[in-house]
Amino acid sequence: MERIERKVLKEKPAAGAELGFGKYFTDYLFTMRYESGRGWHSPRIEPNEPLAFDLASSVFHYGQGVFEGMKAFLQPDGSVAIFRPEENWARMERSCERLCIPPVPADLAEEGLEELIRLERDWIPRGEGTALYIRPAVVATRPALGVHASDRYLFFILLSPVGNYYARGLAPTRLVAEDTFVRCPIGGTGEAKCLGNYAVSLKAGELAEKAGYDQVLWLDAAEHRYIEEAGSMNAFFVLGGEVVTPALVGSILHGVTRKSCLTLLREKGIPVSERRISIEEVTAGAESGALTEAFGTGTAAVVSPIGDIRYRGKDYAIGGTGEIARMLYGELTGIQRGRLPDRFGWLRKI
Ligand SMILES: *Cc1c(COP(=O)(O)O)cnc(C)c1O
């Protein structure tokens with residue numbers, strides 16, 4: 001693999017510094033280019049410095065691009081482990097397929113990632129709640145304005161040492177159930193981690209924040225009734241002693257954290273189901289007491305409890321951090337940091 005050296009390395013954040021999320025980036029990135037007829041080529045590690053692009057590049061106009069998000073952790077034995085990267089590469093392939101992007105070969109992507117992490121090992125933070133966040137992305141670089149799939153692409157991987165996604169950690173968040181704006185209809189791109197999904201979510205997110213809430217609880221596009229996701233996390237509810245999460249009907253992102261939580265819940269014999277959940281069922285559950293917990297799951301925040309939900313002008317209190325959310329957070333972060341046995345083979349050690 002080709003490697004282009006940097007002249008000057010950046011200053012790393014001090015040990016114990018407040019890292020936030022996605023604010024610091026390491027010295028290098030992994031890149032690979034695609035041209036039709038040639039395929040993916042020129043894998044290399046190069047300095048993470050501003051690159052020049054033709055402003056006609058299709059990604060800037062039509063959003064043809066996808067991304068991924070995963071994390072790596074230092075292990076007690078000094079090795080580094082990535083959490084379930086094969087799941088992310090498989091999902092990236094499905095996202096690419098949806099956006100007419102030629103699939104990035106998972107073995108080349110993984111090889112590039114591992115090489116990059118080996119090089120940037122000193123950037124991996126050690127503190128509790130911290131990780132090395134991995135952001136792969138593919139963007140269309142054809143300099144032409146016709147609305148067509150591009151004939152060339154750039155794949156890159158950024159690394160970012162991160163702290164807790166939410167400054168308040170496991171503290172409960174406040175959500176607004178959004179019944180005007182929608183994230184994605186069935187048949188749209190809800191299952192793909194594609195650029196446009198996040199641009200369309202900003203408006204509702206901004207309105208929620210202005211009203212004093214943290215995030216949006218998305219409802220389905222057809223009836224504005226069934227729960228889809230909590231911000232950019234998958235949503236879980238504990239209703240009448242059962243853990244329920246929206247079924248993957250086509251408009252919902254197939255979260256790796258969601259899948260891992262389902263595995264952990266089933267391992268512990270906790271009843272779980274994947275099905276449609278209406279906002280009325282949630283608000284009625286909050287009023288009757290049948291709803292004992294709600295939380296979101298995702299790589300960035302791991303598990304994020306939902307303390308209350310506003311719907312049609314009324315606030316429904318759910319409560320603090322529940323025991324299921326706490327258990328899942330403890331199990332996931334325990335496995336990720338090598339404190340608990342990796343009994344499902346989720347860690348890829350490098
Ligand atoms: C990335 C993402 C998630 C969480 O997926 P993980 O694989 O668990 O990180 C959930 N919803 C949306 C919309 C996402 O983009």
Side-chain angles (χ1 to χ4, degrees), residues 21-22 63 65-73 82-96 98-99 106 113 131-138 158 160 162 164-166 173 175 178 181-186 188-205 208 214-221 226-237 245-265 274 277 294-304 306 325 328-329 331-333 335-336 344 346-348:
F21 186 82
V66 303
F67 68 94
E68 266 305 326
M70 50 187 139
K71 277 178 173 173
F73 304 85
I82 315 173
F83 188 71
R84 309 192 77 176
E86 63 289 344
E87 292 284 333
N88 295 81
W89 298 132
R91 184 172 67 193
M92 191 170 83
E93 186 168 339
R94 298 195 299 273
S95 298
C96 283
R98 180 65 182 81
L99 275 279
L113 172 60
L132 187 69
Y133 184 76
I134 301 161
R135 170 53 61 90
V138 194
L158 292 168
S160 172
V162 298
N164 280 322
Y165 187 73
Y166 291 107
T173 54
L175 267 47
E178 175 58 60
F181 298 110
V182 298
R183 188 180 157 269
C184 280
I186 287 180
T189 53
E191 287 188 346
K193 232 172 158 71
C194 67
L195 308 189
N197 287 356
Y198 305 86
V200 300
S201 75
L202 296 176
K203 185 78 188 169
D214 298 301
Q215 262 302 346
V216 173
L217 185 65
W218 294 104
L219 303 179
D220 76 286
Y226 295 100
I227 291 173
E228 301 242 300
E229 300 207 41
S232 51
M233 290 190 280
N234 292 112
F236 283 78
F237 301 88
T245 187
L248 301 174
V249 289
S251 47
I252 294 172
L253 206 279
H254 293 216
V256 179
T257 319
R258 174 189 184 278
K259 186 174 178 179
S260 307
C261 286
L262 290 175
T263 300
L264 287 164
L265 290 162
E274 299 170 70
I277 306 156
F295 50 91
T297 67
T299 295
V302 190
V303 174
S304 175
I306 299 167
L328 290 170
Y329 183 84
E331 289 282 334
L332 282 170
T333 56
I335 293 172
Q336 289 171 337
F344 305 106
W346 285 344
L347 299 187
R348 173 148 181 137

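Residue numbers run from 1 in the order of the sequence given. Every number for a ligand or one of its atoms is a count from 1 in the order of the listing.
In this structure the side chain of E228 never reaches within 4.5 angstrom of the side chain of V182, judged on heavy atoms. V66 places none of its side-chain heavy atoms less than 4.5 Å from the side chain of L195. When side chains are defined from C-beta on, L132 does not count as touching S160, because their heavy atoms never get closer than 4.5 Å. Residues C261 and L332 have side chains in contact (heavy-atom distance under 4.5 Å, counting atoms from C-beta outward). When side chains are defined from C-beta on, F67 does not count as touching C194, because their heavy atoms never get closer than 4.5 Å.
The shortest N or O to N or O distance between R258 and ligand 1 is not under 3.5 Å. Taking any N or O of V256, backbone or side chain, at least one lies under 3.5 Å from an N or O belonging to ligand 1. Between T297 and ligand 1, no N or O atom pair is found at a separation short of 3.5 Å. Annotation: T299 places an N or O atom under 3.5 Å from an N or O atom of ligand 1; distance criterion only. For ligand 1, one of its N or O atoms has an N or O atom of Y198 under 3.5 Å away.
Here the heavy atom of the protein found nearest to atom 4 (C) of ligand 1 is G298 CA, 3.8 Å. When only non-hydrogen protein atoms are considered, atom 5 (O) of ligand 1 lies nearest to G255 CA, 3.4 Å. Nearest to atom 11 (N) of ligand 1 among the protein's heavy atoms is E229 OE1, 2.4 Å. Atom 2 (C) of ligand 1 has K193 NZ, 2.6 Å as its closest protein atom, hydrogens excluded (heavy atom only). In terms of protein heavy-atom proximity, atom 8 (O) of ligand 1 is nearest to T257 OG1, 2.6 Å.
Salt bridge annotation for E229-R183: present, with a cationic side-chain nitrogen under 4.0 angstrom from a carboxylate oxygen. Contact check on E68 versus R91 returns a salt bridge, with a Lys/Arg side-chain nitrogen under 4.0 Å from an Asp/Glu carboxylate oxygen.
The shortest heavy-atom distance from E87 to ligand 1 is not under 4.0 Å. Using a non-hydrogen distance threshold of 4.0 Å, S232 registers as a contact of ligand 1. At least one heavy atom of R183 sits closer than 4.0 Å to an atom of ligand 1.
At a 4.0 Å heavy-atom cut-off, ligand 1 touches R91 through the side chain alone.
The closest side-chain donor-acceptor pair between R84 and S260 falls under 3.5 angstrom.
By the 30° and 60° cut-offs, the orientation of the rings of F236 relative to F295 is parallel.
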